[in-house]
Amino acid sequence: MKTLALLVVILVFPAVVYAGNIYGTLWLNGKPVGQGAQVAVTCGGRQHAAQVDNNGYRVFVPEKGRCNFSVTLAGRAYQAEIASYDGAVKYDFDLVPNGSLRRR
């Protein structure tokens, strides 16, 4: 019985690690944005937030469907619409001066 439970955990765990992860890099003036930016994903009435570091950002979003993706950097807000899926999705964005995000 323990062997069966272990086998189930091994088979299911990789899917859980990647499910609903939204990750990527933000770019400003041709350079990656490091620390200091905040990311928020609003999906299904729930908001999920993360800090941006030198490796980019990663947000776990369990809801699926259309979501609002927003970035706050130095008091400026940038927004775009994205989609959340069962699996991991990579979104790399350029921060555009008009407050929008352009997907790379």
(Q) Count I, L, V, M, F, W, Y as connected when their side-chain heavy atoms are under 4.5 Å apart, and connections chain through other members. Are Tyr85 and Val59 then in the same cluster? (A) yes

Q. Can you list every disulfide bond (SG atoms under 2.5 Å apart) pair that touches residues 48-92, not counting sequence neighbours?
A. Cys43-Cys67

Q. Please, which pairs that meet disulfide bond (SG atoms under 2.5 Å apart) have at least one residue in residues 71-104, sequence neighbours excluded?
A. none

Q | Of all pairs that satisfy salt bridge (Lys or Arg N to Asp or Glu O under 4.0 Å), the ones with a partner from residues 28-54, not counting sequence neighbours | A | Arg46-Glu63

Q: Please name the pair of heavy atoms, one in Val52 and one in Gly34, separated by the smallest distance, quoted to 0.1 Å.
A: CG1-O, 3.4 Å

Q | Working for ring-ring contact (aromatic ring centres under 6.0 Å, His included), residues Phe69 and Tyr57 | A | CA-CA 12 Å; Phe69 183 90; Tyr57 68 90; 5.3 Å; yes

Q) If you look at every heavy atom in Ser100 and Tyr78, which pair is closest and at what distance? A) O-CD2, 3.7 Å

Q. Taking only residues two or more places apart in sequence, or in another chain, which ones meet Tyr23 in a ring pair (Phe, Tyr, Trp, His ring centres under 6.0 Å)?
A. none

(Q) Tell me every residue that passes side-chain hydrogen bond (donor to acceptor under 3.5 Å, both in side chains) with Asn54, counting only those two or more places apart in sequence or in another chain. (A) none

Q: Please report the shortest heavy-atom distance between Pro62 and His48, naming the atom on each side.
A: CD-CE1, 3.7 Å

**Q.** Sequence-distant partners of Arg104, side-chain hydrogen bond (donor to acceptor under 3.5 Å, both in side chains), two or more places apart
**A.** Asp94

Q) Would Leu95 end up clustered with Trp27 when hydrophobic side chains under 4.5 Å apart are linked, directly or stepwise? A) no

